[in-house]
Amino acid sequence: MIAAAESTTSLVQSVDWLALAPPLTAAAVALVVLVADLFVTEARKPLLGYGAVAGLVASLALIIPLHDGDRSTFCLTTGSHACSYTADHFTLVIQALVLGGALLTALLSIGDTRKLPAGEFWFLLLSSAAGAALLPASRDLATLVVALEVASLPAFALVGIKRGDRRSSEAALKFFLSSVTATAVMLLGVSFVYAATGTLHLTDLAGRLGHVDPQLSTLAGAGVALTLVGFAFKTAAAPFHFWVPDTYVGAPLPIAAYLSVVGKAVGFTGLILVTVIAFPAYADVWGPALAVLAALTMTVGNVAALRQSASRARSAVRLLAWSSVAQAGYLLVPVAAAAYAGERRIGSTVAYALMYAVVNLGAFAVAALVARTRPGNRLDDYRGLYATRPLAALALAFFLLCLAGLPPGIIGLFAKVTVFSAAVDAGLGWLAVVMAVNVVVALYYYLRWTAALFRAPADGEEAAPVVRHRVPAPLTAAIVITTAAGVVLSGAPQTVLRFAAVNLF
């Protein structure tokens with residue numbers, strides 16, 4: 001009896017609440033906001049937005065005590081002592097990225113949610129942010145899938161939250177169907193991997209997949225392939241990118257910004273965890289596959305961005321959507337390189353993701369400003385913006401040049417250099433050449449948009465009007481924060497190179 005009791009006790013797992021604090025805080029504030037919505041009058045609904053901002057700031061602040069990056073919880077007490085939740089340096093950097101992206105999205109949304117159900121909007125945004133913060137810490141496939149769905153399911157509702165808007169409903173349906181398909185494929189792959197190895201923990205999978213029973217090797221290989229296909233949907237890698245343009249155009253503008261940064265970070269984080277930590281035994285398979293996907297994705301995204309008509313409704317958002325597809329191709333390059341040169345190449349992907357998050361959110365912030373007077377959000381609406389909104393035009397020009405990798409956006413240039421280096425050092429010279437060609441192609445549409453900001457309106461065409469209504473302070477703050485961050489990083493580009501060389505695991 002005593003021995004049995006001791007055996008039962010030994011199975012009890014300790015919980016490190018401090019390690020769990022960032023996602024838990026976001027989730028707790030989400031519940032508080034939802035309940036508070038029942039008691040807050042219509043006139044005080046904006047307070048819910050400021051409460052959400054405060055909750056995201058608190059979640060970010062709780063990352064600071066974890067800076068050592070050596071905390072784990074929900075660990076097995078027998079056998080390998082593998083853990084389901086690990087707050088290492090990789091986790092903390094990604095948590096800072098997704099929570100910071102959610103915070104900037106919240107700032108963009110305050111004052112832009114007048115026609116939306118406030119309580120539901122802030123609850124869904126915080127819930128998605130909590131799932132996004134949980135995912136990088138997940139170290140078993142079950143927790144990984146749950147975190148991915150917690151981040152994704154509220155996003156479906158956020159895309160379609162504009163009630164009565166046919167475009168919003170259509171976008172939400174396309175997003176939902178594609179994501180559910182991806183999840184189903186991924187779950188099938190996870191079940192195959194579990195059947196072949198008998199474990200879901202990523203560190204245990206790394207060892208067992210290299211010694212699978214020959215009779216189960218086909219099952220294991222199929223499981224790995226299906227799991228990677230599921231994540232390819234989440235990262236918007238071609239040919240699994242078809243949902244992106246319509247989803248971004250139909251969603252509220254702040255949510256399009258959220259999906260382009262936080263949604264993409266979630267997909268790439270999961271892809272990195274399963275490839276680098278769980279599936280290194282199949283590196284000779286997923287390495288070439290991801291290299292081909294990277295080349296295809298950046299090419300499809302840039303070619304589609306080139307074809308955007310400046311007079312088409314919402315062409316500015318659509319161009320940013322296709323640009324995000326192309327950027328996903330660049331982000332895939334170091335992940336593919338990790339199959340050949342080891343996990344240290346992952347630092348290049350994370351460094352590029354941080355740069356992309358800052359400047360892309362800034363571009364969406366300026367787009368939100370223009371949309372307040374030009375809801376059509378055409379590229380033509382930005383022509384002559386410098387004459388009426390010089391600071392906003394300069395900020396957008398800086399963001400576009402960063403995305404293009406041109407001075408004064410030095411941060412964009414150096415981020416691309418780290419990705420080039422990862423490809424060349426891994427022996428993927430052909431992929432570096434494809435990337436170089438695509439970078440040159442992308443220069444055309446980025447520079448065309450930038451030039452339009454300083455060009456006089458065409459004959460008979462009205463200049464972009466001065467905004468007559470006061471711009472909400474949170475929107476101004478979002479533009480200022482992203483611009484300041486981009487300028488500071490451009491002033492210290494060597495920081496990017498050093499960060500890219502750090503082994504985050």
Asks: Between atom OG of Ser324 and atom CG of Leu259, what is the distance when rounded to the nearest 0.5 Å?
Replies: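 Between atom OG of Ser324 and atom CG of Leu259 there are 9.5 Å.
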Asks: Trp122 versus Val29: any side-chain heavy-atom pair under 4.5 Å?
Replies: no
Asks: Please check if any side-chain donor atom of Asn360 sits under 3.5 Å from a side-chain acceptor atom of Ser260, or the reverse.
Replies: yes
Asks: Below 4.0 angstrom, N of the basic side chain to O of the carboxylate: do Arg318 and Asp246 qualify?
Replies: yes
Asks: Determine which pairs satisfy salt bridge (Lys or Arg N to Asp or Glu O under 4.0 Å) with at least one residue from residues 116-132, sequence neighbours left out, and list them in order.
Replies: Glu120-Arg163
Asks: Once ring-ring contact (aromatic ring centres under 6.0 Å, His included) is applied, do any residues pair with Trp286, and if so which ones, sequence neighbours excluded?
Replies: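 With neighbours one apart ignored, the set is empty.
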Asks: Under the salt bridge (Lys or Arg N to Asp or Glu O under 4.0 Å) rule, what pairs show up with a residue in residues 348-357, not counting sequence neighbours?
Replies: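 For residues 348-357: none.
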Asks: Listing request: all side chain to side chain donor-acceptor pair (under 3.5 Å) pairs with a residue in residues 144-156, at least two apart in sequence or in separate chains.
Replies: Glu149-Thr183
Asks: Step by step, would you call Asp37 with Phe123 a side-chain contact (heavy atoms from CB on, under 4.5 Å)?
Replies: CA-CA 10 Å; Asp37 181 55; Phe123 169 74; over 6 Å; no
Asks: To the closest 0.5 Å, what do you measure between OG1 (Thr227) and CG (Leu187)?
Replies: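 Answer rounded to 0.5 Å: 9.0 Å.
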Asks: Show the atom names and distances, to 0.1 Å, of all donor-acceptor pairs under 3.5 Å that link a side chain in residues 436-444 to residues at least two apart or in another chain.
Replies:
| unit_1 | atom_1 | unit_2 | atom_2 | d |
| --- | --- | --- | --- | --- |
| Asn438 | OD1 | Thr299 | N | 3.4 |
| Asn438 | OD1 | Asn302 | ND2 | 3.1 |
| Asn438 | ND2 | Thr299 | OG1 | 3.3 |
| Asn438 | ND2 | Val434 | O | 2.9 |

Asks: Give every donor-acceptor pair under 3.5 Å between a side-chain atom in residues 266-275 and any protein atom, sequence neighbours left out.
Replies:
| unit_1 | atom_1 | unit_2 | atom_2 | d |
| --- | --- | --- | --- | --- |
| Thr269 | OG1 | Ala265 | O | 2.6 |
| Thr275 | OG1 | Leu271 | O | 2.7 |
| Thr275 | OG1 | Ile272 | O | 3.3 |

Asks: Per the ring pair (Phe, Tyr, Trp, His ring centres under 6.0 Å) rule, what does the pair list look like for residues 290-337, sequence neighbours excluded?
Replies: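 Every pair satisfying ring pair (Phe, Tyr, Trp, His ring centres under 6.0 Å) with a residue in residues 290-337: His241-Trp322.
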Asks: Quick one: do Val424 and Leu428 satisfy side-chain contact (heavy atoms from CB on, under 4.5 Å)? Show the steps, please.
Replies: CA-CA 5 Å; Val424 172; Leu428 296 172; over 6 Å; no
Asks: Is the backbone N or O of Ser311 less than 3.5 Å from a side-chain atom of Arg378, with the two atoms forming a donor-acceptor pair by type?
Replies: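 Side chain of Arg378 to backbone of Ser311: a pair is present.
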Asks: Restricting to non-hydrogen atoms, name the atom on Ala236 and the atom on Thr297 that form the minimum distance, rounded to 0.1 Å.
Replies: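 Here Ala236 and Thr297 meet closest at O-CG2, 4.0 Å.
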Asks: CZ of Arg383 to CG of Leu379: how many Å apart, nearest 0.5 Å?
Replies: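 CG of Leu379 is found 12.0 Å from CZ of Arg383.
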Asks: May I ask you to decide if Phe175's main-chain N or O and Ser179's side chain share a donor-acceptor pair within less than 3.5 Å?
Replies: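 The answer is no, because no donor-acceptor pair under 3.5 Å joins these two groups.
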Asks: Would you call Leu144 and Phe231 a side-chain contact if the rule is heavy atoms closer than 4.5 Å?
Replies: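 Contact flag for Leu144/Phe231 side chains = yes.
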Asks: Got a sec, which residues hit side chain to side chain contact (heavy atoms under 4.5 Å, CB included) with Val53, two or more places apart in sequence or on another chain?
Replies: Val57, Leu103, Ala106, Leu107, Ile110
Asks: Give me the atom names and distance for the closest heavy-atom approach of Ala339 to Gly287.
Replies: CB-CA, 3.4 Å
Asks: Under a 3.5 Å distance rule, please check whether Ser59 uses its side chain to pair with a backbone N or O of Ala26 as donor and acceptor.
Replies: yes
Asks: Which pair of non-hydrogen atoms, one from Leu320 and one from Ala363, has the smallest distance, and what is that distance?
Replies: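 That would be CD2-CB, 4.3 Å.
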Asks: Keeping to residues at least two apart or across chains, list the side chain to side chain donor-acceptor pair (under 3.5 Å) pairs with something in residues 404-426.
Replies: Arg345-Asp425, Tyr352-Lys416
Asks: Is the shortest side-chain heavy-atom distance between Leu413 and Leu406 below 4.5 Å?
Replies: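 Not in contact.
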Asks: Counting C-beta onward and ignoring hydrogens, is there a side-chain heavy-atom pair between Leu401 and Leu447 closer than 4.5 Å?
Replies: yes
Asks: Please determine, by modelled atom types, if Thr235 and Lys264 share a side-chain donor-acceptor pair under 3.5 angstrom.
Replies: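 Judged by distance alone, the side chains do not pair up.
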Asks: Which heavy atom in Ile411 sits nearest to a heavy atom in Gly486, and how many Å separate them?
Replies: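 For Ile411 versus Gly486, the nearest heavy atoms are CG2-O, 4.1 Å.
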Asks: Under the side-chain contact (heavy atoms from CB on, under 4.5 Å) rule, what do Leu124 and Leu153 come out as? Steps first, then yes or no, please.
Replies: CA-CA 9 Å; Leu124 291 168; Leu153 289 173; over 6 Å; no
Asks: Could you pull out the closest heavy-atom pair between Ala294 and Leu332, with the gap in Å?
Replies: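 Residues Ala294 and Leu332, closest heavy atoms: CB-CB, 3.6 Å.
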Asks: Quick one: closest heavy-atom pair of Ala368 and Leu475, and the distance?
Replies: CB-CD1, 4.2 Å
Asks: Report yes or no: does Thr349 contribute a side-chain atom to a donor-acceptor pair with the main-chain N or O of Leu331 at less than 3.5 Å?
Replies: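 Yes, Thr349 side chain to Leu331 backbone: donor-acceptor pair under 3.5 Å.
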Asks: Is the shortest side-chain heavy-atom distance between Pro239 and Leu293 below 4.5 Å?
Replies: yes
Asks: Between OH of Tyr445 and CG of Leu306, what distance do you get to the nearest 0.5 Å?
Replies: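 Result: 7.0 Å between the selected atoms.
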Asks: Is it the case that the side chains of Ser128 and Tyr258 hold a donor-acceptor pair, with the cut-off being a distance below 3.5 Å and no angle test?
Replies: yes
Asks: Looking at side-chain heavy atoms only, is the closest gap between Val333 and Met298 below 4.5 Å?
Replies: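 Result yes, sub-4.5 Å side-chain heavy-atom pair found.
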Asks: Kindly indicate whether the side chain of Tyr382, heavy atoms from C-beta on, has any atom under 4.5 Å from the side chain of Asn377.
Replies: yes
Asks: Name all pairs fulfilling the ring pair (Phe, Tyr, Trp, His ring centres under 6.0 Å) condition that reach into residues 386-425, sequence neighbours left out, sorted by first residue then second.
Replies: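 The answer is Tyr386-Phe454.
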Asks: Roughly how far apart are Ser169 OG and Ile161 CD1, rounded to 0.5 Å?
Replies: 11.5 Å
Asks: Check the pair Val224, Val285 against side-chain contact (heavy atoms from CB on, under 4.5 Å), reporting the backbone distance first and the verdict last.
Replies: CA-CA 9 Å; Val224 170; Val285 176; over 6 Å; no
Asks: So if I apply the salt bridge (charged side-chain N to carboxylate O under 4.0 Å, His left out) rule between Asp381 and each of Arg374, Arg372, Arg312, which one comes out positive?
Replies: Arg374
Asks: Table please: side-chain donor-acceptor pairs of residues 90-100 below 3.5 Å, with sequence neighbours left out.
Replies:
| unit_1 | atom_1 | unit_2 | atom_2 | d |
| --- | --- | --- | --- | --- |
| Thr91 | OG1 | Thr86 | O | 2.8 |
| Thr91 | OG1 | Asp88 | OD1 | 2.9 |
| Thr91 | OG1 | Pro136 | O | 3.0 |
| Thr91 | OG1 | Arg139 | NH2 | 3.4 |
| Gln95 | NE2 | Tyr85 | OH | 3.4 |
| Gln95 | NE2 | Ala133 | O | 2.8 |

Asks: Test of understanding: with salt bridge (charged side-chain N to carboxylate O under 4.0 Å, His left out), list the residues that count as partners of Arg314, not counting sequence neighbours.
Replies: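 With neighbours one apart ignored, the set is empty.
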Asks: I'd like to know if the side chain of Ser315 and the backbone of Gln308 have a donor-acceptor N/O pair within less than 3.5 Å.
Replies: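 No, because the side chain of Ser315 does not come within donor-acceptor range (under 3.5 Å) of the backbone of Gln308.
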Asks: Any sub-3.5 Å donor-acceptor pair from Ser323's side-chain atoms to Leu319's backbone N or O?
Replies: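 Absent.
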Asks: Side chains of Leu403 and Gln327, heavy atoms from C-beta outward: is any pair under 4.5 Å?
Replies: yes
Asks: With rounding to the nearest 0.5 Å, note down the distance linking CG in Leu394 to OG1 in Thr483.
Replies: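 The CG atom of Leu394 sits 9.5 Å away from the OG1 atom of Thr483.
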